[in-house]
2 protein chains.
Amino acid sequence: MFSRPTHYVDPMTEEPSTRDRLVQAATRLFRQRGYDGTGLTEILTEAGVPKGSLYHHFPEGKADLACAAADWTASEIIRVIDDSFRAAPDWRHGITTFCYKMAKLFDILESADACPIFGLLFEGPDHDRFRTQAEQSFDRIIAAAARHGQALGMTAEAAHDAAETFIIGFQGSWTLARTRRKSDVLRNLPNRLYGAKS
Amino acid sequence: MFSRPTHYVDPMTEEPSTRDRLVQAATRLFRQRGYDGTGLTEILTEAGVPKGSLYHHFPEGKADLACAAADWTASEIIRVIDDSFRAAPDWRHGITTFCYKMAKLFDILESADACPIFGLLFEGPDHDRFRTQAEQSFDRIIAAAARHGQALGMTAEAAHDAAETFIIGFQGSWTLARTRRKSDVLRNLPNRLYGAKS
DNA sequence: GCACGACTGGACCGATCGGTCTAGTGTTTT
DNA sequence: AAAACACTAGACCGATCGGTCCAGTCGTGC
């Protein structure tokens, strides 16, 4: 029997692993202050982890950590998408539920953070690595949404298109919502995309 | 007679003023690497300006410069919007022209830069100042687009709404175009928003 | 001429950056 | 018991960060 990989939360203990605490602290801070705006010490303090551990789990340091954070975020987003579509009778309902869920998150974050989805696209020295990472994460997210579209009767192509259009609109809406500090911009997105009246 | 304000380009000389060179270098670099990712020395080198001058023109330093850059960018965007609508027979034509112009810019920038419009929203220590600055700039841009909508027969409300929806879609499209390095995402935006076939 | 403000040029500063390195602590394997 | 390994702990490093300061250079008005 091979040992359980330590970078997942042990379901038996309450404590997330050191690695996970790093990833989650990093996710939060990168979203708030951006890649270059966040110092390693800040992340380490928030995670309650010494520097040595960071470079053990992420040999390439900050960039490595950022990619892990992006990956983790994408998975979280997909989870919310799946949740939103679970009981949705049609595409618009699923999208609307997702927007409302995210608007709630937006309010919790006090309108301060970057869009969780597109915050994946960090600037930074290693631009191309981040770009590639972001591209993959987006495609995962879009594919997840498209799957639900297909399950609701769309053709593969139509579903992919609808998912893409939605993610585009969502990203723009989040940013505008942030500058205005109004989560209703997010709740209004379905009306913008699919016509007034819900 | 009062002296000409030195922060505008003297139309008689070719040389942009020191202040303008700073703002333009800052605009370019902030767009490429973000606020925190750009060092002052980098900006100063690119602009060919010593540090003392920066703090003469922008007493509050980097933050001041960033706001000036955001303002300048907004004006440039509005200029492109006005250009795009100059000969447009209807809203969709104006928007389409704008998208094509920006797609061309996107290609020139080699897909590397952040969206010129929403790149205005810097992270940074002084978050609220930047947020306010971004909010005003967005409103200026949206108002500019809405004006053209009204001139083309929309009601004030409809025009504002259409402009807002478009800017939202544009921002999302730029980001997706960037991760995919495909400017066609921008050119396709009118089809997404207003239905296929141009 | 000379004084004065606007502006330039750049040395200098403490703080913080990301990253390295080594010592120490457990746990597992043999 | 001992060696091997996974991981923690944090002191330490040179580089670079944004910002300050002041001496020097103009152009202009008195």
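All values below were derived from every heavy atom in this structure, side-chain atoms included, with hydrogens, water molecules and symmetry-related copies excluded. Numbers restart at 1 for each chain; the letters A, B, ... are given by sequence-line order, proteins then strands.
Protein atom CG of B/L40 is 19 Å distant from nucleotide atom P of C/dC12, rounded to whole Å. For the pair A/E60 CD and C/dG19 P, the interatomic distance rounds to 10 Å; values are reported in whole Å. If you measure from atom CD1 of B/I43 to atom C1' of D/dG19, you get 13 Å, rounded to the nearest angstrom. The interatomic distance linking A/H56 (NE2) with C/dG26 (P) rounds to 16 Å, in whole Å. Rounded to an integer number of Å, the gap from A/R33 CZ to C/dC17 P is 11 Å. Nucleotide D/dT16 holds its C1' atom 14 Å from the CG atom of B/L44, rounded to whole Å. The distance from atom CD of A/E42 to atom P of D/dC17 is 18 Å, rounded to the nearest whole Å. Between the NZ atom of A/K51 and the P atom of D/dC13 there is a distance of 13 Å, rounded to whole Å.
OP1 or OP2 of C/dT8 sits under 4.0 Å from a side-chain N or O of B/T18. For the pair B/H57 and C/dA6, the criterion of a side-chain N or O lying under 4.0 Å from OP1 or OP2 is not met. For A/T41, no side-chain nitrogen or oxygen approaches OP1 or OP2 of C/dT16 to under 4.0 Å.
A/G52 comes within 4.0 angstrom of a nucleotide base, judged by non-hydrogen atoms across all strands.
Between A/E110 and A/R181 no salt bridge is recorded (no basic side-chain N to carboxylate O distance below 4.0 Å). Using a cut-off of 4.0 Å between Lys/Arg side-chain N and Asp/Glu carboxylate O, B/D107 and B/R187 are scored as salt-bridged. A salt bridge links B/R129 with B/E60: the distance from a Lys NZ or Arg NE/NH1/NH2 to an Asp or Glu carboxylate oxygen falls below 4.0 Å.
Around atom OH of A/Y100, no more than 12 heavy atoms belonging to other residues, nucleotides or ligands sit under 6.0 Å away.
When distances are taken from the side chain of B/S53 to each of D/dT8, C/dG18, C/dT8, the shortest belongs to C/dT8. Considering only the side chain of B/K62, D/dG18 comes nearest among C/dG10, D/dG18, C/dG18.
Both A/W174 and A/I77 belong to a single network of hydrophobic side chains, linked directly or stepwise wherever heavy atoms of I, L, V, M, F, W or Y lie under 4.5 Å apart.
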